[in-house]
Amino acid sequence: VKIWDIESNTLVQTLTGCHGQVMSVAWNPQGTLLAASSHYGILKAWNTKNWQLSHSIYSNSRPMATIGWSADGTQLASGSHDGKIHIWSS
């Protein structure tokens, strides 16, 4: 996952740890966490202040096709191609 500053067209950060194709990314409502899901059922979340990995979740549901935060940013939902939906607490 690459974070770009679109005004200056410069690369800000490259986030590692998502194995396989990244399927979905989502910022929490506060803008303090960025989550990404992968084809292999791996969910990662990074702290946006220092870009350190803060959460790493492995799921048996593959591929993890989409993710989205709750309005208050305390939960992250993931949906996979096998029809399963998981709710994760942040």
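Residue numbers count from 1 along this sequence. Worth knowing before you read on, the calculation uses all heavy atoms, side chains too, and leaves out hydrogens, waters and symmetry mates.
Every pair passing ring-ring contact (aromatic ring centres under 6.0 Å, His included) that includes a residue from residues 61-90 is listed here, sequence neighbours excluded: His86-Trp88.
Residues Gly68 and Ala26 share a closest heavy-atom pair of CA-CB, 4.5 Å. Heavy-atom minimum distance, Leu76 versus Ala35: CD2-CB, 3.7 Å. Minimum interatomic distance between Ile42 and Lys44 (heavy atoms only, all atoms of both residues): CG2-CE, 3.5 Å. Contact detail for Leu43 and Met64: the closest heavy-atom pair is CB-SD, 3.9 Å. For the residue pair Gly73 and Pro29, the shortest heavy atom distance occurs at CA-CD, 3.7 Å. Listed here is the closest heavy atom pair of Ile67 and Ser78: CG2-CB, 3.9 Å.
Partners of Asp5 under the side chain to side chain contact (heavy atoms under 4.5 Å, CB included) rule, at least two apart in sequence or in another chain, are Glu7, Ser8, Thr10, Val12. Judged as a side-chain hydrogen bond (donor to acceptor under 3.5 Å, both in side chains), and not counting sequence neighbours, Trp27 has no contacts. With sequence neighbours excluded, no residue satisfies side-chain hydrogen bond (donor to acceptor under 3.5 Å, both in side chains) with Ser37. Partners of Lys49 under the side chain to side chain contact (heavy atoms under 4.5 Å, CB included) rule, at least two apart in sequence or in another chain, are Asn47. With sequence neighbours excluded, no residue forms a side-chain hydrogen bond (donor to acceptor under 3.5 Å, both in side chains) with Gln21. For Ala36, the side chain to side chain contact (heavy atoms under 4.5 Å, CB included) partners two or more places apart in sequence, or in a different chain, are Val1, Cys18, Val22, Val25, Trp46. Ser80 meets the side-chain hydrogen bond (donor to acceptor under 3.5 Å, both in side chains) test with Asp82; sequence neighbours excluded. For Ser70, the side chain to side chain contact (heavy atoms under 4.5 Å, CB included) partners two or more places apart in sequence, or in a different chain, are Asp72, Thr74, Gln75.
Between the side chain of Ser59 and the main chain of Gly41, no donor-acceptor pair closer than 3.5 Å is present.
Apart from Ile85 itself, the hydrophobic cluster it occupies contains Ile87, where clustering links Ile, Leu, Val, Met, Phe, Trp and Tyr at side-chain heavy-atom distances under 4.5 Å. By the 4.5 Å side-chain criterion applied to Ile, Leu, Val, Met, Phe, Trp and Tyr, Leu11 is assigned to a cluster that also includes Trp4.
Counting only heavy atoms from C-beta outward, the side chains of Ile3 and Leu34 approach each other to under 4.5 Å.
No hydrogens or angles considered: a donor-acceptor pair under 3.5 Å links the side chains of Gln30 and Asn28.
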